[in-house]
Every structure is written in structure tokens, then in C-alpha cells.
Amino acid sequence: MQRYDSAIDMTGSDRDEDELPEHTKEPTVAGPIGPHMHHKRPLSPVAASSSSGPPSRSASPHSVHSPHSAIHSTDSPPNSAGHHDNTTSPHDLGAPLDLSLLSLPPVAVIPTRLSPEALHDLHEQLSAANADLVTTFPSDGQTADIHRARFFLGQINTPKRAAFELRKLGVHTEEVEAGTSREAVWQDDGLITVVKVEWWEKCLEKDGVQSINPYIVYVGRLTEGPPGGDGKKRALPSAEELVKEREMKRRRILERAQGDAGGSDSRVKVIPGKPWTKPNTTTSVDEEFGVKRPKLMRKTTSEYEREKGLANQVQPRYVREQLKLAVHRPHPLHCPNDAFINVLKTIKLSRTLQLDDIGIRAYSTAISAIQAYPYELLSSSTLLTLPGCDGKTSALFYEWYNSSPDDVSQRKIQAVEEIEQSEEYRVMKEFYQIWGVGAKTAREFYLDKGWRSLDDVIEFGWNQLSRVQQIGLKFYDEINFIPIPRPEVARIGALVGKVADELRPGYEYIITGGYRRGKEQSGDVDMVLCHRDEEQTRGGFLTMLVTRLEEEGWVTHTLYLGRGGGFGTQRVGEPPRSHGLAHGEGAEELEKAMVMWQEQDPASPFYKEEGGRNVSPHRRVDIILSPPSCVGTAVLGWTGGTTYERDLRRWVEKRWGWKFDSGGVWERGSGRRVELGEWAEGEDLVQCERRVIEGLGLEYFKPELRNTG
DNA sequence: CGGCAATTGT
DNA sequence: CGTAT
DNA sequence: GCCG
């Protein structure tokens with residue numbers, strides 16, 4: 001059965017239950033994992049009074065009732081209704097309105113949870129009541145004079161949330177201890193009060209300023225902003241023990257990682273920086289080296305000198321013939337221009353985080369072309385000769401090379417430095433590395449939720465995460481920072497193969513992915529499992545296999561288990577929907593399992609124990625179960641790299657009008673299956689893949705030459 | 001100026 | 001919108 | 001961002 005750790009060690013959810021919608025738990029293989037729900041935060045008297053305040057929180061401000069009539073009615077005497085405190089007493093005798101907020105300190109509204117309409121109405125009502133209003137906007141919450149505001153209205157229920165929302169607005173506070181005198185609050189300019197919107201609704205309802213006491217959620221004292229930062233947006237020192245524990249765990253992991261694999265912590269140092277996303281302004285680089293006239297770029301004397309040697313170099317075929325698709329050229333794992341490629345990869349990642357699919361495609365193309373280039377690039381004009389590289393790439397190279405002609409390790413590009421220093425990039429990247437969080441979600445975490453660290457995600461968002469995201473966070477460091485050495489990848493593959501074979505004899509497997517392309521270390525293990533008897537690849541065998549691996553402890557969590565969930569219930573044969581045509585006979589679907597894995601054998605060299613406890617690093621393992629009829633395409637499709645795969649599909653479409661996928665090749669017009677990739681008698685999986693490649697009219701490049709970056 | 005790989009599961 | 005290559 |  002599924003095993004669970006007794007507790008997740010990254011917690012932090014001691015917030016009140018009503019703060020966030022309950023996460024919808026999936027009734028799946030693994031039960032909900034989650035932090036222990038602590039309720040240890042002592043409620044301050046201020047907080048306590050808020051929680052005993054009026055119950056209603058349903059009405060939005062604008063829906064209460066005609067606000068303007070309340071504000072503009074002038075026929076009743078100046079408001080002096082029931083005040084037990086001096087906080088809002090309208091000493092301005094000349095105030096013509098019942099509802100005058102003249103005596104309030106500068107007011108701002110916390111936009112969170114308020115509809116745009118509600119927010120708008122609230123602003124109008126408050127300014128109609130002569131409040132000294134500091135406007136806020138839900139988009140970014142930033143306003144120049146937000147720091148003037150001392151009184152915040154918001155749909156906020158807990159002090160913790162209040163402090164968090166203030167921080168999002170750039171207002172850094174710490175909660176004021178119980179017993180601060182009420183009188184002090186208005187006098188002391190360093191104090192911030194957060195009051196529920198209900199207070200204002202009540203004022204409107206009663207046509208007069210009401211006591212704020214029952215509605216106060218939070219009183220905080222202004223503190224210094226983040227050290228070194230620009231004074232906005234920075235994590236509170238919250239849930240400190242948990243953060244510290246995480247740190248310790250991370251350090252342990254990294255120490256072990258170095259021991260294991262010689263891996264190093266590649267995380268960028270935290271340097272506060274300016275925003276990295278710029279408006280659509282053309283950079284000076286663009287103007288100087290714009291794509292319009294790249295060929296006119298002046299060569300410096302030194303570039304010219306360096307290039308003289310070029311004439312003697314035999315240019316590779318893909319350059320001579322301008323072969324633009326990665327399937328037509330060899331891409332070794334390492335190449336002479338890896339340092340420059342890494343710069344391009346940073347830009348590509350920033351495009352990913354900006355949801356710029358086209359930028360991703362463009363940089364991928366350039367990267368793979370350079371990866372295929374066998375000589376060290378010495379001049380930007382050489383780059384112009386590579387397919388997929390043009391003015392922009394060339395300009396980037398020019399800046400990069402000349403920033404330090406004599407020391408490769410010192411070369412840099414200003415725009416890339418700025419990307420790497422920007423908080424937005426660093427934080428979104430950190431989120432993006434959570435398994436189950438893509439670019440869209442990473443942006444949402446950063447821009448909409450206002451989170452700035454994994455600890456924020458854990459503390460404020462844990463219950464909003466999907467189950468796989470929770471698992472992704474739980475194993476964040478292991479997944480991202482402890483690479484899997486080749487021998488361990490081989491060991492995992494062999495073990496899966498062995499267990500499969502024990503269940504039913506006759507299975508064969510091949511490890512695909514980066515391992516097969518020759519990587520010394522892998523981020524995960526990908527493998528294609530196959531049986532010559534098609535029946536053995538159906539009927540839920542993969543579920544059976546994963547279940548067995550769970551029982552034996554190897555599989556600790558199942559992130560995804562597709563197809564064949566029910567025994568024999570699966571009738572494959574839906575055509576690729578994009579073309580609305582039926583598959584021909586023998587339509588195939590690949591079953592896939594994505595799991596977390598942990599070494600269980602104490603005798604294994606990859607097993608690690610501490611205090612009698614198995615602390616072997618968890619590994620990501622993908623198992624693809626293929627019928628014999630398409631195992632060739634499965635192996636080809638799961639070996640990659642990404643750009644190779646994309647270009648493979650483009651080639652198949654362009655050359656043959658077929659559609660390629662890992663489950664087979666199809667005629668686009670008729671939807672009929674093209675018989676390629678069937679596992680032939682006496683043939684191994686590598687030979688089978690080769691027949692597919694050659695059947696598609698392509699030169700066979702071994703996997704080690706498909707490293708398209 | 002249009003196109004940029006392609007699939008499935010939740 | 002997430003995942004894989 | 002590059003290509004046809």
C-alpha cells in the first residue's frame with residue numbers, strides 16, 4: 001500500500017481556517033498530504049475582538065444599499081453617534097455630512113477579494129465622505145503615496161492576512177503587542193490599522209460613523225522594508241522555525257548532493273534588482289544591431305583577424321547547406337560554445353516565464369544550431385551564417401564576446417545580468433521549478449498572490465495547491481538540486497524492468513531521455529517498457545506494476561498514472577482529435593506513469609541511512625508502457641531533446657504530410673496509421689527506433705547526437 | 001505577414 | 001493548464 | 001526571433 005511520511009516537514013499553515021478556500025482533494029492513489037494544522041498563534045486582543053465582530057461578510061460594499069443617499073443627506077445634525085472611543089469623533093463642526101471621515105488619517109483600501117466594481121464604489125464613497133483617500137489598484141497594488149496611508153479598509157479576517165496584504169502593498173509592519181492604548185493608535189504616526197469593510201458598510205447603513213473597535217483586524221507598527229530592497233514586497237519573518245528547518249534540510253541535501261554526484265548549488269544569489277520585464281522598448285542593442293541590417297554589422301579589426309582562420313575551417317554540412325531542422329544535423333552533448341549557449345538559455349527561460357512561446361521557439365532554434373556547431377565561435381559574423389541565428393543572436397554574441405575577449409568566464413550581457421538580478425525572474429523561476437507549476441502558475445503566484453518565496457507558498461498557499469504541487473514542494477530540493485548519477489539511473493531502470501518481468505515474463509525496457517543522450521547526470525529517469533505480446537501491454541499492467549512498486553516501497557508517490565486504470569475497461573482507439581478523423585486499425589495509446597521513487601535496498605550503493613532511517617534521495621521516474629506496434633516511435637519520441645522532437649514533427653509534416661507522435665505515425669488526410677515502429681522479430685528496441693528514423697527519410701543520428709539543448 | 005510540435009489527463 | 005520528449 |  002501507499003506509504004506516507006508521518007508529517008510533511010515543510011509546513012507553516014497556522015493560519016485561520018476561513019482564510020482560504022478549502023483545497024479540493026483528489027480521491028486518488030495517494031491521500032492528501034499536508035502540513036499539520038497548527039493553531040498555535042496566540043490571538044492578540046485586537047485580533048480577538050475582530051473575530052468576535054459582526055458575523056456578516058457576504059455583502060460587498062456596493063451592494064449594501066444606496067451609498068450616496070447616505071452620504072449626501074444633509075438634513076440631520078452632525079454625526080456624534082455613540083462613540084466609546086475618541087478615534088473618529090467628528091470634531092470638525094462644520095462638516096456638512098453625516099458621514100464625514102475628515103478626522104481619519106489617510107485611508108487606503110486593500111483590493112484583495114474585492115471586485116473591481118466594489119473597489120470602485122468604495123473609493124467613490126470614501127472620497128465623497130471626505131476621506132483622505134490613497135487609491136490602490138488590484139493589478140499591482142503599488143501607488144506612490146501608499147506609505148501615507150495609516151488606515152486600511154479591506155475584506156480581511158485575520159491579523160496574519162492583514163500583515164501579508166499590507167506587505168503586498170509595500171507597507172511593512174509588525175503586529176503591535178496587546179495592550180497598546182487605543183488612544184495611541186491615532187496619535188502615533190507609525191501605527192497602521194486594518195479594519196474590515198463591514199465597518200464602512202455599517203456606517204452607511206446607520207448613516208453615521210460607527211465605532212471601529214469591533215471591526216479592527218490588525219494594528220501594526222511600520223518597520224523597515226526589506227534590507228537592500230526598494231522598500232516594497234518582501235517576505236515577513238514569519239513561521240521562522242519552519243523556515244529554519246527547511247534551510248537545514250536544504251543544506252543537508254546539498255552536502256549530500258555534492259558527495260553523491262559532484263552537483264553544485266546552481267541557485268542564483270539573491271541580489272535585489274529592478275524589474276526585469278520591460279515595456280516594449282527597443283534596446284540600444286536592438287537598434288544598433290537590428291535585424292534589418294545585420295549583414296552590415298561592422299567587423300572590428302580583431303574580429304577580422306580572428307576570422308582569417310575561418311577560411312581554413314571546413315564548415316559543417318548543415319551550415320553549408322543551411323539545414324534548419326535539428327533532425328538533419330548532429331548535436332553533441334557538449335560543444336565549444338556551451339558558455340554562450342547558457343546565456344541564451346537564460347533568455348529563453350525568461351521568455352518562458354513571460355509566456356512568450358514564440359520567443360521560446362526562437363531561442364530554442366538558435367541554441368540547437370549553435371549546439372551543432374563544432375568550432376569555438378570567435379566572431380559575431382560567423383554566427384550570422386548559422387541557420388536559425390540572425391541579427392539578434394549575433395548582436396548578443398558580439399556584446400558577450402567583447403565584454404571580456406580574453407576570459408570566457410567573465411563574459412556577460414547587460415540585459416541578461418538584469419534578468420538574473422531581477423526579483424521577478426528569480427522568484428518566478430523558483431516557483432517554476434516546483435513540479436506541477438508551469439510558467440502560468442508561477443506568474444500567478446508572483447503577480448496575483450504576491451508570494452515571494454517558497455515559504456510564502458507554503459505558508460499562505462498550501463491549501464490552494466494541487467496534490468502534485470504539494471508533492472513537488474515536498475521534494476523540491478531533491479528534485480531540483482540532487483541530480484541522478486548515471487549508474488543510479490541504470491539501477492532504477494533495471495529494477496523496474498525486473499519487477500515487471502517478475503509480474504509477467506517477457507518485458508524489455510530501454511532508458512530514454514537525457515540518460516540515453518549521454519548525460520552524466522539526469523534530472524529524472526525516463527524509460528519505455530514493452531512486451532512482444534501486445535496483450536501484456538494492456539489491461540492495466542502499468543497500474544499493476546506501479547502498485548507492486550508501491551508495495552515494495554520503491555514508489556513513494558504517484559504524480560500521474562494514465563490509461564488502463566481499470567482492468568480491461570480501456571478501449572483505445574480515439575483518433576487524434578485535432579483532425580477529427582478516426583484512427584485506422586490498431587490505434588495505439590501509450591500508458592504512462594509518473595512517480596516519486598526511493599531506493600529501498602540497504603545493500604544498494606545508492607541507499608543512504610541516517611539514524612536507522614532511509615534518507616535516500618527521492619527520484620522522479622517516468623515509465624512509459626508501449627505496445628509492440630509502436631515501440632519504435634515511443635523510443636524515438638521519448639529520447640528527445642525537445643527541439644529535436646519539434647523539428648521531427650515539422651519534418652514529418654512537411655516531407656510526408658504525416659503526423660508524428662510517440663504512439664505512432666498517421667496520415668493527416670485519412671487519419672490512417674502509417675506502419676512504422678512495429679517491433680520486428682529478432683530486433684532490439686534501438687534497431688526498431690532506427691527503422692522509424694530511416695523510414696521517415698532521415699539520417700540516423702545516435703541519441704548522443706540529439707542534444708538540442 | 002503567417003507560422004512556429006504534438007499528445008493526453010484533470 | 002499541467003506534464004513529457 | 002527567424003524563415004519563407
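Below, chain A is the first sequence line, B the second, and so on; all start at residue 1.
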- Do A:Val686 and A:Arg516 come close enough that some side-chain heavy atom pair is under 4.5 Å? yes
- Query: Distance between the C1' atoms of C:dC1 and B:dT7, in whole angstroms?
  - Reply: 14 Å
- Only one of A:Val635, A:Ile510, A:Val528 clears side-chain contact (heavy atoms from CB on, under 4.5 Å) with A:Ile624; which? A:Val528
- Query: Could you state the CD1-P distance from A:Ile624 to B:dT7, rounded to the nearest angstrom?
  - Reply: 17 Å
- Item | Ionic contact status for A:Glu699 with A:Arg317, cut-off 4.0 Å | yes
- Remember a base hit wins even if backbone is also touched, and classify A:Gly359 as base, sugar-phosphate or nothing at under 4.0 Å, heavy atoms. nothing
- Query: Can a salt bridge be assigned to the pair A:Asp622 and A:Arg620 using a cut-off of 4.0 Å between side-chain N and carboxylate O?
  - Reply: yes
- Over-ring placement of A:Arg672 relative to A:Trp666, 6.0 Å and 45° cut-offs: no
- Is any side-chain N of the basic residue among A:Arg361 and A:Asp647 closer than 4.0 Å to the acidic one's carboxylate O? yes
- Message: Distance check needed: D:dC2 P versus A:Leu323 CG, whole Å only.
- Response: 18 Å
- Query: Would one find a side-chain N or O of A:Lys348 under 4.0 angstrom from OP1 or OP2 of D:dG1?
  - Reply: no
- Message: If I take atom CG in residue A:Asp357 and atom C1' in nucleotide D:dC2, what distance separates them, rounded to the nearest angstrom?
- Response: 16 Å
- What distance, rounded to whole Å, do you find between the two C1' atoms, one in B:dA6 and one in C:dG2? 15 Å
- Taking atom P of D:dC3 as reference, at what distance in whole Å does atom NZ of A:Lys654 sit? 13 Å
- Message: Need the pair for C:dA4. Rule: Watson-Crick or G-U wobble, both distances under 3.5 Å, any strand; none if unpaired.
- Response: none
Show each protein N/O and nucleotides 3-5 of chain C N/O combination with a separation under 3.5 Å, one pair to a line.
residue: C:dT3; atom: OP1; partner: A:Gly436; partner atom: N; Å: 3.1
residue: C:dT3; atom: OP1; partner: A:Val437; partner atom: N; Å: 3.3
residue: C:dT3; atom: OP1; partner: A:Val437; partner atom: O; Å: 3.3
residue: C:dT3; atom: O3'; partner: A:Trp435; partner atom: NE1; Å: 3.4
residue: C:dA4; atom: OP1; partner: A:Trp435; partner atom: NE1; Å: 2.8
residue: C:dT5; atom: OP1; partner: A:Asp524; partner atom: OD2; Å: 3.3
residue: C:dT5; atom: OP1; partner: A:Asp526; partner atom: OD1; Å: 2.9
residue: C:dT5; atom: OP1; partner: A:Asp526; partner atom: OD2; Å: 2.6
residue: C:dT5; atom: O3'; partner: A:Arg517; partner atom: NH1; Å: 3.4
residue: C:dT5; atom: O3'; partner: A:Thr639; partner atom: O; Å: 3.1
residue: C:dT5; atom: O3'; partner: A:Gly640; partner atom: N; Å: 3.2

- Query: Over how many whole Å does the gap from A:Arg673 atom CZ to B:dT7 atom P extend?
  - Reply: 14 Å
- Item | Approximate separation, where rounding is to 0.5 Å, of A:Ser466 OG and A:Ile434 CD1 | 10.0 Å
- Below 6.0 angstrom between ring centroids: does that apply to A:Phe701 and A:Tyr644? no
- Query: Looking at A:Trp597, does the NZ or CZ of A:Arg619 lie under 6.0 angstrom from its six-membered ring centre and within 45 degrees of the ring axis?
  - Reply: no
Please write out each protein N/O paired with an N/O of nucleotides 1-4 of chain B under 3.5 Å, distance rounded to 0.1 Å.
none

- Task: Take atom CH2 of A:Trp651 and atom C1' of B:dA6, then tell me their distance rounded to the nearest Å.
- Result: 19 Å
- Message: Mind checking if A:Tyr644 touches a base, just sugar-phosphate, or nothing, with heavy atoms under 4.0 Å?
- Response: nothing
- How many Å lie between NZ on A:Lys392 and C1' on D:dC2, as a whole number? 13 Å
- Message: Can you list everything that forms a side chain to side chain donor-acceptor pair (under 3.5 Å) with A:Ser368? Sequence neighbours excluded, please.
- Response: A:Arg329
- Query: In whole angstrom, what separates A:Lys345's NZ from D:dG1's C1'?
  - Reply: 18 Å
- Query: Closer than 4.0 Å, any side-chain N/O of A:Thr393 to the OP1 or OP2 of D:dG1?
  - Reply: no
